[in-house]
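What follows is a single structure, written as structure tokens, with notes after it.
Below, each value reflects all heavy atoms present in this structure, side chains not excepted, and no hydrogens, waters or symmetry copies. When a residue number appears, it is its place in the shown sequence, counting from 1.
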Amino acid sequence: MQFDDVILGRRSIRGYKSDPVPKALIAEIIGLAMRAPSSMNTQPWNFYVISGEPLDRIRAGNTERMMAGIPQSREFRTGQAFAGQHRDRQVGVAKQLFSAMGIERDNKDKRQDWVMRGFRQFDAPVCVIITYDKVLDGSDDTPFDCGAVATALVNAAWSRGLGAVINSQGIMQSPVVREHAGIADDQVIMKSIALGWPDETFPANAVVSERKSVEEATVFVGFDN
């Protein structure tokens, strides 16, 4: 694919085929992603790639704890709930997804099932957990750098025919993730990425989230026109 094809064509994938993804292909994608820039070349990121039975145990543990009402234990700060235009965009994409899936507003069971898909890593065959070195905890540059590598990873995956969705639900029960992924004590769990071959029959996969315009987002200074 050309660069523009990847950037303009990529979308978040929330429904996957069960077909396995070759380890060598994932390693190739991570190698491409690691060309992302980082502050002063610190490269704070590490990757735990989980599939098979360990991933099934994480799915089960996440689901059981969430359904039991155990408070989330996400390690990276969550911040305040979205408000204003940011909340509007969050609600907007949710409406797009619910509409595509035929989930009505008053159907609590289907809405709950949709939420729980996130804690199951969207039933993808692979989960990539991005962590960063704990010694850098508190640095504002570190999460920025991890965001850059996550973006590079999903774009690299798309260029190879794979779908992905960056999410936080899959790592909100961090003790479960740490146990079954064997995450080292010197790492902070940052984000998770569901990864696999897109199921083109899954309605939500056709959803393309809206973007604000360049004019809305950009201030040009010092230009003649």
Side-chain angles (χ1 to χ4, degrees), residues 3 6-7 10 12-13 21 23-51 54-55 57-59 61-62 65-66 70-83 86-87 89-90 118-122 124 126-160 162-196 217:
F3 179 79
V6 174
I7 299 301
R10 190 210 62 81
S12 293
I13 297 299
V21 182
K23 179 181 175 182
L25 178 57
I26 300 172
E28 177 183 333
I29 288 166
I30 291 175
L32 288 171
M34 288 172 60
R35 295 303 305 169
S38 63
S39 177
M40 293 170 282
N41 198 35
T42 50
Q43 302 179 58
W45 50 66
N46 287 294
F47 308 89
Y48 290 78
V49 185
I50 310 121
S51 189
L55 181 53
R57 290 194 290 270
I58 291 174
R59 291 192 226 273
N62 281 345
R65 288 168 69 95
M66 294 306 298
I70 297 174
Q72 64 96 353
S73 52
R74 178 177 164 182
E75 296 182 5
F76 183 72
R77 61 188 181 273
T78 56
Q80 300 298 315
F82 294 135
H86 304 102
R87 173 63 177 168
R89 294 190 189 111
Q90 179 187 22
F119 294 100
R120 300 197 310 267
Q121 286 293 343
F122 300 92
V126 177
C127 170
V128 180
I129 304 293
I130 296 178
T131 70
Y132 62 83
D133 299 332
K134 186 174 289 186
V135 69
L136 298 174
D137 206 14
S139 163
D140 289 333
D141 287 325
T142 295
F144 183 90
D145 297 340
C146 288
V149 84
T151 300
L153 194 154
V154 299
N155 284 329
W158 191 262
S159 77
R160 298 299 192 267
L162 288 166
V165 60
I166 302 171
N167 68 91
S168 294
Q169 299 102 311
I171 47 103
M172 281 188 172
Q173 294 291 344
S174 60
V176 172
V177 178
R178 281 193 170 276
E179 176 185 357
H180 299 300
I183 294 176
D185 291 340
D186 65 355
Q187 296 296 298
V188 175
I189 299 173
M190 175 73 187
K191 275 288 185 181
S192 57
I193 301 174
L195 183 72

I'd like to know whether Ile166 forms a side-chain contact (heavy atoms from CB on, under 4.5 Å) with Val154, so could you lay out the CA-CA distance, the side-chain angles of the two residues, the decisive distance to 0.1 Å, and finally the verdict.
CA-CA 8 Å; Ile166 302 171; Val154 299; 3.7 Å; yes
side-chain contact (heavy atoms from CB on, under 4.5 Å) between Arg74 and Lys191: does it pass, once the steps are laid out?
CA-CA 9 Å; Arg74 178 177 164 182; Lys191 275 288 185 181; 4.2 Å; yes
Show your reasoning for whether side-chain contact (heavy atoms from CB on, under 4.5 Å) applies to Asn46 and Tyr132.
CA-CA 6 Å; Asn46 287 294; Tyr132 62 83; over 6 Å; no
Determine, step by step, whether His180 and Ile58 satisfy the side-chain contact (heavy atoms from CB on, under 4.5 Å) criterion, reporting the C-alpha distance in whole Å, the side-chain angles of both residues, the deciding distance to 0.1 Å, and the verdict.
CA-CA 6 Å; His180 299 300; Ile58 291 174; 3.6 Å; yes
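For the pair Leu162/Leu25, a side-chain contact is recorded, criterion being any heavy-atom separation below 4.5 Å from C-beta on. The shortest side-chain heavy-atom distance between Phe122 and Asn167 falls under the 4.5 Å cut-off. Pro175 places a side-chain heavy atom less than 4.5 Å from the side chain of Ser73. For the pair Phe119/Met172, a side-chain contact is recorded, criterion being any heavy-atom separation below 4.5 Å from C-beta on. The closest side-chain heavy-atom distance from Phe76 to Pro143 is below 4.5 Å. Two residues are said to be in side-chain contact when any heavy atoms from C-beta on lie closer than 4.5 Å; Trp45 and Ser38 meet this criterion. Counting heavy atoms from C-beta on, the side chains of Val128 and Leu153 come closer than 4.5 Å. Looking at Ile130 and Phe47, their side chains come closer than 4.5 Å, going by heavy atoms from C-beta outward.
Among residues two or more places apart in sequence or in another chain, the side-chain hydrogen bond (donor to acceptor under 3.5 Å, both in side chains) test is passed with Asn41 by Gln43. Residues passing the side-chain hydrogen bond (donor to acceptor under 3.5 Å, both in side chains) test with Gln72: none are found, sequence neighbours excluded.
Note that the SG atom of Cys127 and the CD1 atom of Ile50 stand 4.5 Å from one another [nearest 0.5 Å]. The CD1 atom of Ile171 sits 11.0 Å away from atom CD1 of Ile193, with the distance rounded to the nearest 0.5 Å. The structure places CD of Gln169 at 8.0 Å from CD of Gln121, a figure rounded to the nearest 0.5 Å. Here the straight-line distance linking atom CG of Asn155 with atom CG of Leu32 works out to 11.0 Å at 0.5 Å rounding. Remark: Asp141 CG to Leu136 CG distance equals 9.5 Å, nearest 0.5 Å. Annotation: the span from Ile7 atom CD1 to Thr151 atom OG1 amounts to 9.0 Å, rounded to 0.5 Å.
The minimum heavy-atom distance linking Ala33 with Val149 is given by the pair O-CG2, 3.4 Å. The minimum heavy-atom distance linking Gly163 with Ile13 is given by the pair CA-CG1, 3.7 Å. Considering all non-hydrogen atoms of both residues, Pro37 and Ala148 come closest at O-CB, 4.0 Å. In this structure, Asp133 and Gln187 approach most closely via the heavy-atom pair OD1-NE2, 2.8 Å. In terms of heavy-atom proximity, Gly170 sits nearest to Val177 at O-CG2, 3.4 Å. Nearest heavy atoms, Gln173 versus Ile70: NE2-O, 3.1 Å.
Put simply, the side chain of Tyr48 gets close to the backbone of Ala184: a donor and an acceptor are under 3.5 Å apart. Checked by atom type and distance alone, the side chain of Asn62 never pairs as donor or acceptor with a backbone atom of Arg65 at under 3.5 Å.
Between Val49 and the choices Ile129, Ile26, Val21, the side chain to side chain contact (heavy atoms under 4.5 Å, CB included) rule is met once, by Ile26.
Legend: salt bridge (Lys or Arg N to Asp or Glu O under 4.0 Å) pairs involving residues 144-157, not counting sequence neighbours: none detected.
Ion pairing of Glu75 with Arg178 is present here, as a side-chain N (NZ or NE/NH1/NH2) and a carboxylate O approach within less than 4.0 Å.
Residue Asp140 qualifies as open at atom CG: its count of foreign heavy atoms under 6.0 Å is 12 or below.
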